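Single-structure report; data block below.
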Amino acid sequence: MSYSDWMPFNKENVGRTPGKAGVYFLGSEHETTYIGAANNIQERLREQLDSNDSCIKSTVSFCYHETLFPEAEEEKQLTAFQFEHGRLPTCNK
């Protein structure tokens, strides 16, 4: 399973993402702040770029992974994050 490299969270980079199902990670300068699943990674990241949520607005970078089972992978990644950090990512409420 391979993930994309982390890249700046902007329209240009989001426009290069696939229109396929997968999971994505949003981050601040030092940590993952959100883990999400999408049936269309590019479309969902575009929505996140336009979000009014102050937590999401603090995103500076992102990465993603294509998968046929995005919800299952999201759950797996959230569980792993919670196990490692003792909590969910800041923006996962």
Side-chain angles (χ1 to χ4, degrees):
M1 174 181 340
S2 71
Y3 286 78
S4 70
D5 290 333
W6 283 89
M7 59 194 93
F9 189 51
N10 58 42
K11 287 183 182 188
E12 183 179 342
N13 286 327
V14 167
R16 293 183 181 135
T17 61
K20 296 182 179 183
V23 293
Y24 60 94
F25 296 71
L26 303 179
S28 66
E29 291 194 28
H30 303 289
E31 72 172 293
T32 298
T33 56
Y34 186 81
I35 299 172
N39 290 323
N40 181 318
I41 297 168
Q42 186 178 101
E43 186 176 288
R44 183 64 180 132
L45 287 172
R46 283 186 175 152
E47 290 171 0
Q48 296 287 35
L49 272 174
D50 294 332
S51 175
N52 290 324
D53 183 314
S54 60
C55 195
I56 299 297
K57 282 185 164 285
S58 68
T59 299
V60 297
S61 60
F62 76 101
C63 71
Y64 65 90
H65 168 69
E66 291 178 42
T67 178
L68 296 175
F69 306 103
E71 291 83 11
E73 183 63 23
E74 175 191 36
E75 184 176 328
K76 177 180 154 188
Q77 293 300 329
L78 286 168
T79 299
F81 187 96
Q82 188 165 24
F83 180 79
E84 184 176 336
H85 300 280
R87 62 176 174 79
L88 290 173
T90 306
C91 298
N92 285 94
K93 299 173 182 157

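Just so we're clear, the structure is a prediction, and the values are computed from it rather than from any experiment.
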Interatomic distance, H65 atom NE2 to S4 atom OG [nearest 0.5 angstrom]: 10.5 Å
Pairs involving residues 16-49, ordered by first then second residue, that meet disulfide bond (SG atoms under 2.5 Å apart) (sequence neighbours left out): none
Heavy-atom check, side chain of N39 versus side chain of E71, under 4.5 Å: yes
Disulfide bond (SG atoms under 2.5 Å apart) partners of residues 5-54, not counting sequence neighbours, each pair once: none
Residues which pass salt bridge (Lys or Arg N to Asp or Glu O under 4.0 Å) with E75, listed by chain and number, not counting sequence neighbours: none
Pairs touching residues 56-93 that satisfy disulfide bond (SG atoms under 2.5 Å apart), sequence neighbours left out: C55-C91
Within one Ile-Leu-Val-Met-Phe-Trp-Tyr cluster: L49 and F25, side-chain cutoff 4.5 Å: no
Heavy-atom side-chain contact between Q77 and E74 under 4.5 Å: no
Donor-acceptor under 3.5 Å (Q42 side chain, G15 main chain): yes
Single-linkage hydrophobic cluster M7~I41, side-chain heavy atoms < 4.5 angstrom: yes
Throw together a table of side-chain donor-acceptor distances under 3.5 angstrom for residues 29-36, partners on residues two or more places apart or in other chains.
residue, atom, partner, partner atom, Å
E31, OE1, R87, NH2, 2.8
T33, OG1, L26, O, 3.2

Contacts of F62 that satisfy ring-ring contact (aromatic ring centres under 6.0 Å, His included) - sequence neighbours left out: F9
Verdict with reasoning, D53 to K93, per side-chain contact (heavy atoms from CB on, under 4.5 Å): CA-CA 12 Å; D53 183 314; K93 299 173 182 157; 3.5 Å; yes
For the student: nearest non-hydrogen atoms of V23 and P70, plus distance: CG1-O, 3.4 Å
Lys/Arg-Asp/Glu bridge criterion (N-O < 4.0 Å) met for E43, R46: no
